Amino acid sequence: MSDADGGRRTIGLVLMKSEEAQATVDYVTDCRPDIRVQDRSTFFLLETEGTIRIPIAEVEEYLGKPLTMAKFLVVMSSYYGRAHTEDDAFVVTSDMSQLDPTAA
């Protein structure tokens with residue numbers, strides 16, 4: 001999907017400021033330079049076109065202590081795009097493949 005198709009490709013993730021959010025921002029800054037990070041005083045806004053995939057185990061390394069998906073979801077206060085969880089990651093995407101009956 002592209003903007004020419006009438007679809008929005010920019011997606012975002014809002015994280016309330018916390019140790020977990022800072023670790024996520026550190027991970028994104030190091031590993032996903034295509035994601036724009038904005039410090040909005042009480043929260044971080046992460047934006048990109050396409051997909052944001054936050055692998056919990058990798059963020060946990062930046063955090064220096066255990067991080068569960070449940071704890072991450074508490075810190076993640078909002079998003080725009082299509083969100084889902086995987087066994088090891090939180091994902092926000094503009095992809096509509098889950099709506100395509102031919103997608104595997």
Side-chain angles (χ1 to χ4, degrees):
M1 174 179 22
S2 70
D3 288 333
D5 298 328
R8 179 182 173 139
R9 295 223 14 109
T10 302
I11 51 95
L13 184 60
V14 177
L15 304 174
M16 294 185 305
K17 285 208 172 166
S18 64
E19 291 178 304
E20 295 82 5
Q22 186 61 59
T24 303
V25 166
D26 293 344
Y27 160 77
V28 166
T29 301
D30 287 351
C31 301
R32 291 288 312 271
D34 59 308
I35 297 175
R36 298 176 300 279
V37 177
Q38 297 177 41
D39 184 333
R40 296 278 183 98
S41 185
T42 59
F43 64 91
F44 294 109
L45 173 61
L46 285 61
E47 287 186 308
T48 194
E49 286 65 47
T51 300
I52 295 175
R53 183 175 187 279
I54 305 296
I56 300 302
E58 291 184 41
V59 172
E60 188 176 73
E61 289 180 24
Y62 283 83
L63 184 59
K65 61 184 179 181
L67 178 62
T68 63
M69 180 65 74
K71 179 64 175 176
F72 178 80
L73 292 175
V74 168
V75 171
M76 190 276 310
S77 62
S78 186
Y79 65 89
Y80 47 99
R82 291 158 193 85
H84 67 275
T85 58
E86 298 175 349
D87 289 340
D88 63 343
F90 180 79
V91 180
V92 180
T93 184
S94 62
D95 185 17
M96 293 186 63
S97 63
Q98 72 273 21
L99 301 178
D100 182 359
T102 62

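None of the values given here were measured: they were computed from a predicted structure.
Taking CZ of Arg32 as the reference point, atom OH of Tyr27 lies at 6.5 Å (rounded to 0.5 Å). Put simply, CD1 on Ile54 and OG1 on Thr85 are 13.5 Å apart, with the number rounded to the nearest 0.5 Å. To the nearest 0.5 Å, the span separating CD1 on Ile11 from CD1 on Ile52 amounts to 3.5 Å.
Between Lys71 and Ile56, every side-chain heavy-atom pair lies at or beyond the 4.5 Å cut-off. At a threshold of 4.5 Å between non-hydrogen side-chain atoms, the residues Pro55 and Asp88 do not count as touching. Here the side chains of Phe44 and Gln22 are in contact, with some heavy-atom distance below 4.5 Å. Side-chain atoms of Thr93 and Arg82, non-hydrogen and from C-beta on, do get closer than 4.5 Å to each other.
Hydrophobic clustering of Ile, Leu, Val, Met, Phe, Trp and Tyr side chains at less than 4.5 Å, counting indirect connections, unites Val25 with Leu13. One hydrophobic cluster, built from ILVMFWY side chains closer than 4.5 Å, cannot hold both Val74 and Leu63; they sit in different ones. Linking Ile, Leu, Val, Met, Phe, Trp and Tyr residues whenever their side-chain heavy atoms come within less than 4.5 Å leaves Val91 and Val59 in two separate clusters.
Classified by interplanar angle (parallel below 30°, tilted 30° to 60°, perpendicular above 60°), the ring pair Tyr79/Phe90 is perpendicular.
Not a single salt bridge (charged side-chain N to carboxylate O under 4.0 Å, His left out) links Asp30 to another residue, sequence neighbours left out.
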Item to check | Candidate pair Arg36 and Leu45, rule side-chain contact (heavy atoms from CB on, under 4.5 Å), full reasoning | outcome: CA-CA 8 Å; Arg36 298 176 300 279; Leu45 173 61; over 6 Å; no

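Summarising the geometry of Tyr62 relative to Ala23, their closest heavy-atom pair is CB-O, 3.7 Å, with the distance given to 0.1 Å. Listed here is the closest heavy atom pair of Gly81 and Val92: CA-CG1, 3.9 Å. In terms of heavy-atom proximity, Lys65 sits nearest to Glu60 at O-CG, 3.0 Å. The minimum heavy-atom distance linking Ser77 with Met16 is given by the pair CB-CG, 3.7 Å.
The one candidate from Thr10, Val28, Asp34, Val37 that meets the side-chain contact (heavy atoms from CB on, under 4.5 Å) condition with Thr48 is Asp34. None of Leu15, Val14, Thr24, Leu67 except one satisfies the side-chain contact (heavy atoms from CB on, under 4.5 Å) rule with Val75; the exception is Leu15.
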